[in-house]
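These notes concern the structure reproduced below.
Within every chain, numbering begins at 1; the chains are lettered A, B, ... in the order of the sequence lines, protein sequences first and strands thereafter. Source: prediction; values computed, not measured. All values below were derived from every heavy atom in this structure, side-chain atoms included, with hydrogens, water molecules and symmetry-related copies excluded.
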Amino acid sequence: MSKTQTLYAAFTGHLHAALDALEAAGTLPAGLKRGAITVEPPRDTAHGDLSTNAAMVLAKPAGLKPRDLAEALVAELSKLDSVTSAEIAGPGFINLRLSPAAWLAELRTIADLGADYGRSVMGGGTTVNIEYVSANPTGPMHMGHCRGAVVGDALASLLEFAGHKVIREYYVNDAGGQVQVLARSAHLRYREALGEDVGAIPEGLYPGDYLVPVGQSLAAEFGDRYAAAPESEWLALFQKKAVAAMLVMIREDLALLGIHHDLFSSEAELQASGKPDEAEAWLRARDLVYDGVLEAPKGKTLDDWEAVELPLFRSTRFGDDQDRPIKKSDGTWTYFGADLAYHFQKARNADALVDIWGADHAGTVKRIKAAVAAMTGADGDATPFEIKLVQMVQLLRNGEPVKMSKRSGNFVTLAEVVTEVGKDVVRFTMLTRKPEAQMDFDFAKVVEASKDNPVFYVQYANARVHSTLRKGAEAGFAPSGDNVELLGEEELELVKLAAQFPRIVEAAASAREAHRIAFFLGDLAAAFHGYWNLGNDRVDKRFINVADGKLTEARLFLAAQIGQLVRNGLALLGVEAVEEM
RNA sequence: GCGCCCGUAGCUCAGCCGGAUAGAGCACCAGAUUCCUAAUCUGGGGGCCAUGGGUUCGAAUCCCGUCGGGCGCACCA
């Protein structure tokens with residue numbers, strides 16, 4: 001890590017040093033919690049450059065009046081060279097103004113740190129396991145999986161950038177009924193590949209064509225050995241083969257989006273390893289699993305409902321609405337029973353867990369959170385565990401909904417969409433809305449080349465930087481950070497925005513919200529284009545000003561650093577920065 | 001019936017672990033425009049932050065109720 005410090009980090013440091021000084025002088029009691037103190041730009045720029053709530057936060061625990069404490073802090077902070085004014089405002093905010101030189105120096109910091117500008121040590125090297133995608137291995141990925149995949153992957157990159165170690169994990173649901181259906185569907189395709197006329201795919205099996213090559217390869221490998229054999233002879237084998245084939249396909253689909261997980265964890269292997277049994281025994285020993293009978297579901301009539309005694313996890317103790325079975329009446333594990341053991345395993349290898357789920361699984365959030373709390377919280381120090389629910393994406397084509405239904409096999413695959421509009425468009429667009437809000441994805445709009453399209457707008461900013469630097473070079477000018485103080489008021493505004501990036505990264509990482517990066521890039525691009533447009537009417541505001549070489553070089557330096565910042569942000573989102581459009 | 005998510009400008013959405021006068025784009029209105037790179041630019045109007053209460057120095061933000069939209073409510077995954 002470079003010693004170069006970004007402006008906000010430096011000021012946070014200055015503030016704490018000032019508080020230390022007040023403690024040393026006896027003005028402030030030692031040991032007050034400072035966690036709630038913020039250093040941020042005031043909402044209204046008329047109030048200054050930086051604002052801190054320190055005096056308001058600390059006044060009560062210190063037994064001081066906010067204004068008195070603020071005055072003492074102002075006295076300390078005023079000693080800094082870079083501070084041109086420090087004022088108390090409102091209920092006790094401290095507003096600081098910094099010298100232009102202090103801001104403009106941030107451009108050199110961006111240049112020094114380059115691709116590492118914005119990288120943070122906030123995470124302290126702790127390990128975060130982020131589980132995302134985890135689509136059932138029963139077919140290719142479709143658009144329903146896409147948003148969670150992108151959101152999870154961008155979040156993983158963001159957390160790494162913010163100083164965490166990250167494990168990108170995919171849970172493979174290769175046990176249970178659905179993969180048996182997959183095996184039977186593959187068997188049908190296998191018979192078909194052997195020349196049998198299988199007719200229409202029966203109800204209840206997967207009809208998709210993607211199983212045709214699986215059948216062919218099974219036929220090539222096994223001949224007609226299992227064509228007429230009873231299911232018991234081939235089910236497990238075909239299941240394994242078919243799942244493996246599906247995972248190859250899924251990995252290819254993910255690769256199209258630039259997504260590569262560190263770990264694929266198999267539910268079947270987890271079960272075979274006895275982990276769920278261990279978890280059950282551990283929970284039973286603490287009376288957190290008992291044998292009981294569930295009530296019939298309310299508000300819904302099930303004709304085949306019957307009361308059966310099952311091993312139940314006491315999730316109600318941890319806020320769930322009812323206790324949840326971990327095993328079925330046939331003795332096999334429920335999805336939840338295995339998932340519980342799986343999360344326990346993940347928790348042992350990480351300091352914090354994040355799951356990215358589709359909103360259709362919202363109903364199971366409480367039970368798994370309960371399980372993690374129960375299993376990791378025994379010593380009073382539960383593993384932090386967050387579930388991010390990603391809402392549905394409605395696919396549109398020129399405003400008309402695109403129909404899809406997985407059952408009929410007539411769904412829009414991720415591969416089709418990526419092929420049509422491109423990886424970068426898909427990824428960026430998925431991050432232009434907060435994940436918990438529903439979203440429309442219109443094939444026509446996302447590829448539009450206009451300022452209404454944020455993907456284009458941000459890409460264009462970097463392309464414009466690039467062409468500007470090229471033009472500059474043709475005119476004989478190279479970017480230089482030596483004379484940044486020549487830059488004026490408008491350039492300063494751009495730098496002030498750019499300097500936000502490190503704190504945006506930290507805030508986005510701690511909120512687990514990668515979309516904030518996308519929005520910041522939109523703002524930055526808008527500011528850059530706005531600055532550019534000044535040159536439309538005012539020739540003196542253009543980047544390249546042959547009459548003033550030093551100023552031109554400083555402006556090119558500014559452009560170069562904005563480009564760097566756009567690239568850093570896009571890298572977090574997994575979007576490539578293009579140099580020409 | 002119950003749980004979760006959402007409700008902010010005409011539209012699409014940011015802002016939400018409390019902070020100062022609530023933001024952006026589109027649309028609308030009025031101007032500018034043979035411009036380094038281009039997919040125009042500048043300015044303006046527009047808000048009971050769904051709604052009713054509560055918490056407090058302070059609420060779009062936290063809590064409770066109501067209304068509206070979405071998702072879900074199996075021994076499925």
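- Scored by the ring pair (Phe, Tyr, Trp, His ring centres under 6.0 Å) test, F477(A) finds no partners at all (sequence neighbours excluded).
- A89(A) comes within 4.0 angstrom of a nucleotide base, judged by non-hydrogen atoms across all strands.
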Pick out the pairs of N or O atoms, protein on one side and nucleotides 24-31 of chain B on the other, that lie under 3.5 Å.
{"unit_1": "rC26(B)", "atom_1": "OP1", "unit_2": "K451(A)", "atom_2": "NZ", "d": "3.0"}

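- For R433(A), there are no salt bridge (Lys or Arg N to Asp or Glu O under 4.0 Å) partners at least two apart in sequence or on another chain.
- At the heavy-atom level, H515(A) lies under 4.0 Å from the strands shown only through sugar-phosphate atoms.
- With rG15(B), rC36(B), rC76(B) as the candidates, the nucleotide lying closest to the side chain of Q178(A) is rC76(B).
- Nearest-nucleotide mapping onto RNA chain B: of L534(A) and D323(A), the residue sitting toward the 5' end is L534(A).
- Listed by chain and number, the residues in a salt bridge (Lys or Arg N to Asp or Glu O under 4.0 Å) with E280(A) are R284(A), K327(A) (sequence neighbours excluded).
- Within the structure, salt bridge (charged side-chain N to carboxylate O under 4.0 Å, His left out) pairs that include any residue of residues 468-477 of chain A comprise R470(A)-E474(A) (at least two apart or interchain).
- As judged by a 4.0 angstrom heavy-atom cut-off over every strand, N53(A) is placed among residues making no nucleic acid contact.
- Within the 4.0 angstrom heavy-atom criterion, base atoms lie near S329(A).
- Under the side chain to side chain donor-acceptor pair (under 3.5 Å) criterion, the residue pairs touching residues 521-532 of chain A are R464(A)-H529(A), E491(A)-Y531(A), Y531(A)-R555(A), with sequence neighbours excluded.
- Within 4.0 Å of F456(A), counting heavy atoms only, lies at least one base atom of the nucleic acid.
- Considering only side-chain atoms of P325(A), the nucleotide from rC35(B), rA77(B), rC75(B) that sits closest is rC75(B).
- Along RNA chain B, the nucleotide nearest Y335(A) and the nucleotide nearest H47(A) are compared for position; the residue whose nucleotide lies closer to the 5' end is H47(A).
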Residues 85-94 of chain A, side-chain donor-acceptor partners within the protein, below 3.5 Å, at least two apart:
none

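- In the set rC17(B), rC13(B), rG15(B), rC13(B) carries the atom at the smallest distance from any side-chain atom of R433(A).
- Shown here is K445(A), whose NZ atom has no more than 12 heavy atoms of other residues, nucleotides or ligands within 6.0 Å.
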Find every protein N or O atom lying less than 3.5 Å from an N or O atom of nucleotides 3-8 of chain B, and list the pairs.
{"unit_1": "rG3(B)", "atom_1": "O3'", "unit_2": "K366(A)", "atom_2": "NZ", "d": "3.2"}
{"unit_1": "rC5(B)", "atom_1": "O2'", "unit_2": "E436(A)", "atom_2": "O", "d": "2.7"}

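- RNA chain B lies under 4.0 Å from no heavy atom of any residue of residues 547-562 of chain A.
- With sequence neighbours left out, the ring pair (Phe, Tyr, Trp, His ring centres under 6.0 Å) criterion links Y132(A) to H261(A).
- Remark: RNA chain B forms stems of 3 or more consecutive Watson-Crick or G-U wobble pairs, all pair distances under 3.5 Å, at B:1-7 with B:67-73, B:10-13 with B:23-26, B:28-32 with B:40-44, B:50-54 with B:62-66.
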Which protein N or O atoms sit under 3.5 Å from an N or O of nucleotides 59-65 of chain B?
{"unit_1": "rA60(B)", "atom_1": "N6", "unit_2": "R43(A)", "atom_2": "NH2", "d": "3.2"}

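- Electrostatic pairing of E513(A) and K434(A) does not count as a salt bridge here, judged by no charged N lying under 4.0 Å from a carboxylate O.
- Nearest nucleotide to the F93(A) side chain, out of rG15(B), rG19(B), rC75(B): rG19(B).
- The side chain of R538(A) places no N or O atom within less than 4.0 Å of a non-bridging phosphate oxygen (OP1 or OP2) of rU42(B).
- Not a single donor-acceptor pair, N or O on each side, falls under 3.5 Å between the base of rA77(B) and the side chain of T334(A).
- The base of rA20(B) sits with one of its N or O atoms less than 3.5 Å from a complementary donor or acceptor on the side chain of N95(A).
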